[in-house]
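Excluded from the calculations below are hydrogen atoms, water molecules and symmetry mates; all remaining heavy atoms, backbone and side chain alike, are included.
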Amino acid sequence: DSGVTQTPKHLITATGQRVTLRCSPRSGDLSVYWYQQSLDQGLQFLIQYYNGEERAKGNILERFSAQQFPDLHSELNLSSLELGDSALYFCASNQHSTGRGDTDTQYFGPGTRLTVL
Amino acid sequence: KNQVEQSPQSLIILEGKNCTLQCNYTVSPFSNLRWYKQDTGRGPVSLTIMTFSENTKSNGRYTATLDADTKQSSLHITASQLSDSASYICVVRWRGSGYALNFGKGTSLLVTP
């Protein structure tokens with residue numbers, strides 16, 4: 001158990017809908033990272049938050065957004081869902097922001113499996 | 001473009017045998033390289049992290065090597081166990097501004113009895 005929790009475990013929804021994925025980082029971790037993992041794509045970095053502020057962006061679509069709250073939990077909002085958005089969405093956390101702690105390990109949550117029908 | 005290529009794509013070995021997974025990258029300038037193990041349907045778990053000055057790092061039966069000159073890394077698994085069946089992902093960090101982790105697509109390893 002990594003200490004990172006994600007809810008829900010599974011989510012099934014229809015195209016055009018909007019969903020929210022939730023992540024609680026390990027106790028004491030300030031950074032939260034979101035990743036998408038499709039069957040044929042491997043892990044794709046979406047976005048990072050550090051202590052409530054957006055720190056880095058990856059391949060995140062405009063239909064997707066995220067935020068980190070004062071208690072450090074984070075939410076990933078996916079809207080106007082398409083079939084291609086079906087994937088595993090992982091959250092990871094660690095203590096450091098970008099540029100510090102280069103060797104700092106990220107701890108991954110169990111993921112949320114999103115199925116768009 | 002920064003890329004990370006892993007080989008083989010998949011591998012089947014007998015329990016007790018050794019195996020080596022490869023990772024080639026073009027990421028430059030390079031900061032560090034990580035190997036993760038990902039069981040099916042679960043989040044990745046870190047095995048090793050190496051900076052450019054490290055040539056080898058071990059974690060139990062897992063030994064990672066790094067040649068920063070040729071931009072190659074390998075993960076050697078000794079005396080494989082059924083529980084080693086998983087996807088092994090190579091991740092290379094770019095030393096630049098912003099966040100830049102470059103992920104390989106992974107090698108899927110199946111250890112059979």
Among the options B:Gly43, B:Gly104, B:Pro44, pick out the one with the most heavy-atom pairs lying under 4.5 Å from chain A.
-> B:Pro44

Determine whether [X] and [Y] fall in the same hydrophobic cluster, where Ile, Leu, Val, Met, Phe, Trp and Tyr are linked whenever their side-chain heavy atoms lie under 4.5 Å apart.
| X | Y | answer |
| --- | --- | --- |
| A:Leu21 | A:Tyr49 | yes |
| A:Trp34 | A:Leu30 | no |
| A:Leu81 | A:Leu61 | yes |
| A:Phe64 | A:Tyr33 | no |

Heavy-atom closest pair, residues B:Arg34 and A:Thr105 = NH1-CA, 3.9 Å

Under a 4.5 Å cut-off applied to non-hydrogen side-chain atoms, are A:Gln37 and B:Phe103 in contact?
-> no

